[in-house]
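A short write-up of the structure that comes next.
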Amino acid sequence: QVQLVESGGGLVQAGGSLRLSCAASGRTESSYAMGWFRQTPGKEREFVAALRWSGSSTYYADSVKCRFTISRDNAKATVYLRMNSLNPEETAVYYCAASTTYYSSNGYYRFGNVYDYWGQGTQVTVSS
């Protein structure tokens with residue numbers, strides 16, 4: 001089992017920045033990749049970014065590719081999401097997730113169903 005705990009959410013003004021953290025514990029060695037998703041009431045969960053615990057590849061949704069950065073600290077078993085130039089449309093609950101399935105293509109990690117463990121989410125509110 002893998003436990004995930006997000007932190008770092010809060011209120012930020014439009015155009016501002018925020019960094020989210022996701023601390024993993026338990027059988028973290030079983031996880032190949034980590035992802036960030038976001039969701040607002042009444043909308044489908046949306047992929048944001050993903051990375052692997054090994055290697056240097058990262059993967060982003062087109063809508064955030066030039067503004068967000070996903071990174072990791074393997075020693076701390078923690079994944080981060082730095083969000084820059086935030087706009088009110090990106091107000092959502094942000095979730096981190098861990099996948100125990102290996103895929104050769106990063107593209108698979110944009111699908112929520114490949115993730116086995118999810119955090120509780122952290123609220124990000126962007127005001128105008």
Side-chain angles (χ1 to χ4, degrees):
Q1 298 181 359
V2 177
Q3 294 80 45
L4 305 173
V5 179
E6 301 101 330
S7 62
L11 177 65
V12 64
Q13 293 184 339
S17 300
L18 205 62
R19 189 187 75 164
L20 307 182
S21 299
C22 177
S25 60
R27 288 179 47 82
T28 58
E29 68 275 10
S30 67
S31 177
Y32 289 101
M34 300 289 291
W36 284 98
F37 293 77
R38 62 190 179 190
Q39 187 171 28
T40 57
K43 294 184 178 180
E44 186 176 351
R45 186 169 51 199
E46 177 188 17
F47 168 75
V48 177
L51 58 59
R52 302 174 187 268
W53 286 112
S54 299
S56 60
S57 64
T58 57
Y59 186 63
Y60 298 93
D62 289 342
S63 61
V64 307
K65 193 172 184 177
C66 297
R67 297 180 295 113
F68 289 14
T69 302
I70 186 170
S71 60
R72 68 175 190 260
D73 185 330
N74 292 68
K76 296 180 179 179
T78 299
V79 176
Y80 305 95
L81 182 69
R82 182 185 179 185
M83 305 181 292
N84 294 330
S85 302
L86 286 162
N87 65 74
E89 301 301 319
E90 294 173 305
T91 293
V93 176
Y94 283 69
Y95 298 90
C96 67
S99 175
T100 61
T101 303
Y102 171 80
Y103 295 101
S104 59
S105 174
N106 289 333
Y108 284 99
Y109 292 113
R110 72 181 186 273
F111 300 112
N113 63 353
V114 310
Y115 294 89
D116 307 285
Y117 303 99
W118 295 81
Q120 81 288 351
T122 185
Q123 177 71 46
V124 172
T125 302
V126 185
S127 63
S128 61

Q. What do you reckon, are the aromatic ring centroids of Phe68 and Tyr60 less than 6.0 Å apart?
A. no

Q: Identify the two heavy atoms, one from Val79 and one from Trp36, that lie closest to each other, and give their separation to 0.1 Å.
A: CG1-NE1, 3.6 Å

(Q) For Arg45, I'd like to know if atom CZ has over 12 heavy atoms of other residues, nucleotides or ligands within 6.0 Å. (A) yes

(Q) Check whether Arg27 reaches the backbone of Val2 with its side chain - one donor and one acceptor, N or O, closer than 3.5 Å. (A) no

Q: Return the minimal non-hydrogen interatomic distance between Thr101 and Tyr32, and the atom names on each side.
A: C-CD1, 3.6 Å

Q) Among Tyr95, Phe47, Phe111, which residue meets the ring-ring contact (aromatic ring centres under 6.0 Å, His included) test with Phe37? A) Phe47

Q | Expected output: side-chain Gln39 to main-chain Val93 donor-acceptor under 3.5 Å | A | no

Q. According to a 4.5 Å side-chain heavy-atom criterion applied to Ile, Leu, Val, Met, Phe, Trp and Tyr, with indirect links allowed, do Trp53 and Tyr102 form part of one hydrophobic cluster?
A. no

Q: Assess whether atom CD of Gln13 is packed by more than 12 heavy atoms of other residues, nucleotides or ligands within 6.0 Å.
A: no

Q. So, for Asn106 and Tyr59, which heavy atoms are closest and what is the spacing to 0.1 Å?
A. O-CD2, 3.7 Å

Q.
Which residue is it: Val48, Val124, Ile70? I am looking for the one with a side-chain contact (heavy atoms from CB on, under 4.5 Å) to Leu20.
A. Val124

(Q) Show the nearest heavy-atom pair for residues Val126 and Thr91, with the distance to one decimal. (A) N-OG1, 2.9 Å

Q: Return yes when atom CD of Gln120 has more than 12 non-hydrogen atoms of other residues, nucleotides or ligands closer than 6.0 Å, and no otherwise.
A: yes

Q.
Is it true that, when you exclude Glu29 itself, more than 12 heavy atoms of the residues, nucleotides or ligands shown sit nearer than 6.0 Å to its CD?
A. yes

